[in-house]
J.: 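The structure's right below; bear with me while I get my questions together.
Every chain is numbered from 1 and lettered A, B, ... according to where its sequence line falls, protein lines coming before strand lines.
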Amino acid sequence: MAETFELKIITPERIMYTNPVSRVIFRTTEGEMAVLKGHIPLTAVIESCVFHALIIDDSGKEHDLKMAVHEGFVEVMPDRVTLLTEAAEWPEEIDPDRAERARDRARGRLDSHAPDTDMRRAELALRRSMVRLEAIRK
Amino acid sequence: MATTREIQLRIKSVTGTQQITKAMKLVSTAKLQKIRGVQEANKPYFKSVYETMCSIIAASEDCVRNSALLNDDIKADGKAAYLLITGDRGLAGGYNANICRLLERSIEDKEKALIVTVGKRGREYFTRRGYQMGEHFEIRSSLPNYNEVSRIVDSFTALKTEGTVDTLYVVYTAFINTISQKPTILKLLPISTEEIPEPEDKSKMSMMNYEPDEDEVLKYIVPKYISGVVFGSLAESFASEEGARMTAMDSATDNAEEIVQHLTLQYNRARQGHITQELTEIVNGAAALEQ
């Protein structure tokens, strides 16, 4: 059984999650990364991604806990991980229709190449909606 | 002396006003509770962001100099921008007037001040007095949310990064309690390094690695910190507005009560006088008939 460490997810609106987990996986600006207990201290900027946390229940079975996280940064210490993000959603909080509509809208904006579209914003919107859809996929 | 009918009408209208002020007070109380909840929920996030920023700045002074947001070079001739937070509506006691007066008094040179506003009241006040006005932001909901805050922060900090102004201030009303609020001017940028507290845990600081590197993390984290400060000031201002309105409406309700009491007294007097007069007339009439 893997050793566990404390995971804390904090958003401006609430403390979303605080519990021991055995592993977390997320995507930093430099690439995907997994953290186990005893990691060296690290502060990293993360991108919009699906954040995975492996929790171990009483019977020793591992569960994959998923959530959509939209930009933030993560502070890793040997015995705890703190994720600070402006927005994070549990899969059950995501409205699939809305996410799909947002994705199509963002794609449309990117394809239109209109001079007044803010490309960066459209790209970020596309990223966010795709992350949401990925999070709710079983 | 006013007739009984006139007095009755006035009592009715004052009672109507009293009902409105009472309702407004209740609404403000409820809103205040909600805002306090948002403020509480935001605290752990802001505290962590602030601590991380402090430990990066303490670890390396260079990144402060490299950062467009943090350096204190004077490029724009000492110009300053003020983010003034007021309400959209009145009937909140001295809430809007106090904050506007504080800012007006603290600006020494009209030419070097640029005023960015949240809330209609502050904008009207300074436009009328011929100040240089920047952008205006409307917050539709009664609770500040991070989306709107980052919109404000992006364009407000752009003033500094683009070199339009050198210093950024936030002018807001600090919430002390429901009956006392304090208008405050807070310097947002540049952050002076002396103000940054030394981290308690030095070993943590030197061991920390940054990905991609300190500068990048700092570049990401400073706007978050500013958003946090602006969010906090907005929440405090909103709480103050509701607090001020609550107090104002409470005393308005008390006043109305007093007026109604006074009018009722007048009404009773007039009614009594009227009856007495009628009685006298009847008695006199009867006496005249007997003779």
J.: Any side chain to side chain donor-acceptor pair (under 3.5 Å) pairs touching residues 23-40 of chain A, not counting sequence neighbours?
T.: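 Qualifying pairs, neighbours excluded: none.
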
J.: Run the ring pair (Phe, Tyr, Trp, His ring centres under 6.0 Å) test against Tyr169(B) and tell me which residues pass, sequence neighbours left out.
T.: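 Result, ring pair (Phe, Tyr, Trp, His ring centres under 6.0 Å) vs Tyr169(B): Tyr82(B).
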
J.: Below 4.0 angstrom, N of the basic side chain to O of the carboxylate: do Arg245(B) and Glu241(B) qualify?
T.: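 Result for this pair is yes, salt bridge flagged.
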
J.: Grab the two heavy atoms, one from Tyr172(B) and one from Ser233(B), that are nearest each other, plus how far apart they are.
T.: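 Closest approach of Tyr172(B) to Ser233(B): CG-CB, 3.6 Å.
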
J.: Pick one of side chain, backbone, both or neither for Ile15(A), based on which atoms fall under 4.5 Å of a heavy atom in chain B.
T.: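 Contact with chain B: side chain only.
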
J.: Give me each pair satisfying ring pair (Phe, Tyr, Trp, His ring centres under 6.0 Å) with a member in residues 148-168 of chain B, each pair once, sequence neighbours excluded.
T.: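 Of all non-adjacent pairs touching residues 148-168 of chain B, none passes ring pair (Phe, Tyr, Trp, His ring centres under 6.0 Å).
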
J.: Would Arg103(A) and Ser129(A) count as having a side-chain donor-acceptor pair, cut-off 3.5 Å?
T.: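 Short answer, no.
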
J.: Among Arg14(A), Glu86(A), Lys8(A), who wins on heavy-atom pairs under 4.5 Å with chain B?
T.: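 Most pairs with chain B among the choices: Glu86(A).
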
J.: Are there residues of residues 47-55 of chain A that reach to under 4.5 Å of chain B by heavy atoms, and which ones?
T.: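 Within residues 47-55 of chain A, no residue comes under 4.5 Å from chain B.
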
J.: Write down the atom of Ile99(B), the atom of Thr184(B), and the distance for their closest heavy-atom approach.
T.: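 Heavy-atom minimum between the residues: CD1-N, 4.2 Å.
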
